[in-house]
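Since this is a predicted model, take the numbers as computed values, not measurements. Per chain, numbering begins at 1; letters A, B, ... match sequence-line order.
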Amino acid sequence: MLPTLRASLPYTLALAVLAYLGFAFLPVQGFAQEIFVVIGIMLAGILVPVLVDVKGRAAVTSSAVPLAASDYKGDTTTLYVGNLPYRANEDAVKELFQRFGVVINVRLMKDRQTGRRRGFGFVEVAAKDGNKMIQKLNDFNFQERTLKVREAKERQDSDDAEE
DNA sequence: GTTGAGCGTT
């Protein structure tokens, strides 16, 4: 079943029941009219989610993004990536890592004064994808440079324990 | 417009 419909169907049914019961407290004009109202609620409650799902599915297939980072709930791991080409930007690095898992954030370190990139950075990824990404992307040839990918050392003390 | 081992910032 379509996801939005599955989520909204209980509310639609509840609303239909409430409408049905509501007629008990009103001067009833006729059973036929009551049935039409209830059926109308059901039809709207089913058709709208179906249309939402169909449009949403088309949007997802056209965007080609596996999963929005802001929607990911779970443990994350920060990877150190070194030996980056100076010309590489964050989007290129993110796209590369996204081939092998969920990427939460990419930060390429740059010189504070000049703003030029320093050739390394940190990629925050889903914890379950971290080791796979290290396997796949360490010593990976990226724009004529051989990447170095490791698990990042933690600068902050007394934070989460690494595996 | 430069550099080439490296583990960081709101």
Side-chain angles (χ1 to χ4, degrees), chain A residues 1-16 18 41-163:
Chain A
M1 187 181 291
L2 299 170
T4 306
L5 176 60
R6 190 191 324 133
S8 66
L9 195 54
Y11 299 101
T12 299
L13 293 176
L15 190 60
L18 282 178
I41 290 174
M42 299 276 295
L43 279 180
I46 292 175
L47 278 178
V48 170
V50 166
L51 292 176
V52 168
D53 277 331
V54 170
K55 287 196 66 175
R57 186 166 300 182
V60 166
T61 51
S62 65
S63 68
V65 173
L67 180 66
S70 58
D71 290 342
Y72 180 79
K73 308 294 182 191
D75 294 333
T76 64
T77 304
T78 300
L79 303 180
Y80 163 85
V81 47
N83 214 32
L84 281 165
Y86 293 127
R87 60 184 176 278
N89 57 20
E90 296 189 353
D91 285 336
V93 174
K94 177 187 287 185
E95 187 176 1
L96 175 66
F97 278 74
Q98 272 181 345
R99 299 183 198 173
F100 305 104
V102 177
V103 175
I104 311 300
N105 199 352
V106 175
R107 292 189 297 273
L108 300 187
M109 294 310 157
K110 42 182 76 170
D111 189 287
R112 191 129 237 210
Q113 299 157 359
T114 67
R116 291 183 304 188
R117 285 187 264 267
R118 298 175 58 192
F120 75 97
F122 297 91
V123 181
E124 188 179 0
V125 303
K128 62 181 175 55
D129 298 329
N131 283 329
K132 176 173 54 180
M133 287 174 165
I134 293 174
Q135 296 296 324
K136 297 288 187 182
L137 291 177
N138 186 38
D139 292 334
F140 181 84
N141 195 317
F142 178 63
Q143 298 183 5
E144 311 300 326
R145 301 286 302 181
T146 303
L147 295 186
K148 299 300 176 188
V149 181
R150 308 282 136 86
E151 191 168 316
K153 299 176 184 176
E154 303 217 357
R155 183 65 176 171
Q156 302 172 350
D157 296 341
S158 70
D159 207 309
D160 56 341
E162 297 291 326
E163 294 178 344

For the pair made of CD in A:Glu90 and C1' in B:dT9, what is the distance, rounded to whole Å? 11 Å

A:Lys148 atom NZ is separated from B:dG8 atom P, nearest whole Å, by 19 Å

Could you work out, with salt bridge (charged side-chain N to carboxylate O under 4.0 Å, His left out) as the rule, every residue matching A:Lys132, not counting sequence neighbours? A:Asp129

Check side chain to side chain donor-acceptor pair (under 3.5 Å) between A:Asp75 and all other residues, then give those that pass, not counting sequence neighbours. none

So if I define the base as every atom that isn't primed, P, OP1 or OP2, how would nucleotides 2-7 of chain B read as a B/S/- string at a heavy-atom cutoff under 4.0 Å? BBBBBB

Considering residues at least two apart in sequence or located in another chain, which fulfil the salt bridge (charged side-chain N to carboxylate O under 4.0 Å, His left out) criterion with A:Asp139? A:Lys148

Contacts of A:Arg107 that satisfy side chain to side chain donor-acceptor pair (under 3.5 Å) - sequence neighbours left out: none

Under 3.5 Å donor-acceptor pairs involving side-chain atoms of residues 114-121 of chain A, not counting sequence neighbours:
| unit_1 | atom_1 | unit_2 | atom_2 | d |
| --- | --- | --- | --- | --- |
| A:Thr114 | OG1 | A:Arg116 | N | 3.3 |
| A:Arg117 | NE | A:Tyr86 | O | 3.0 |
| A:Arg117 | NE | A:Ala88 | O | 2.9 |

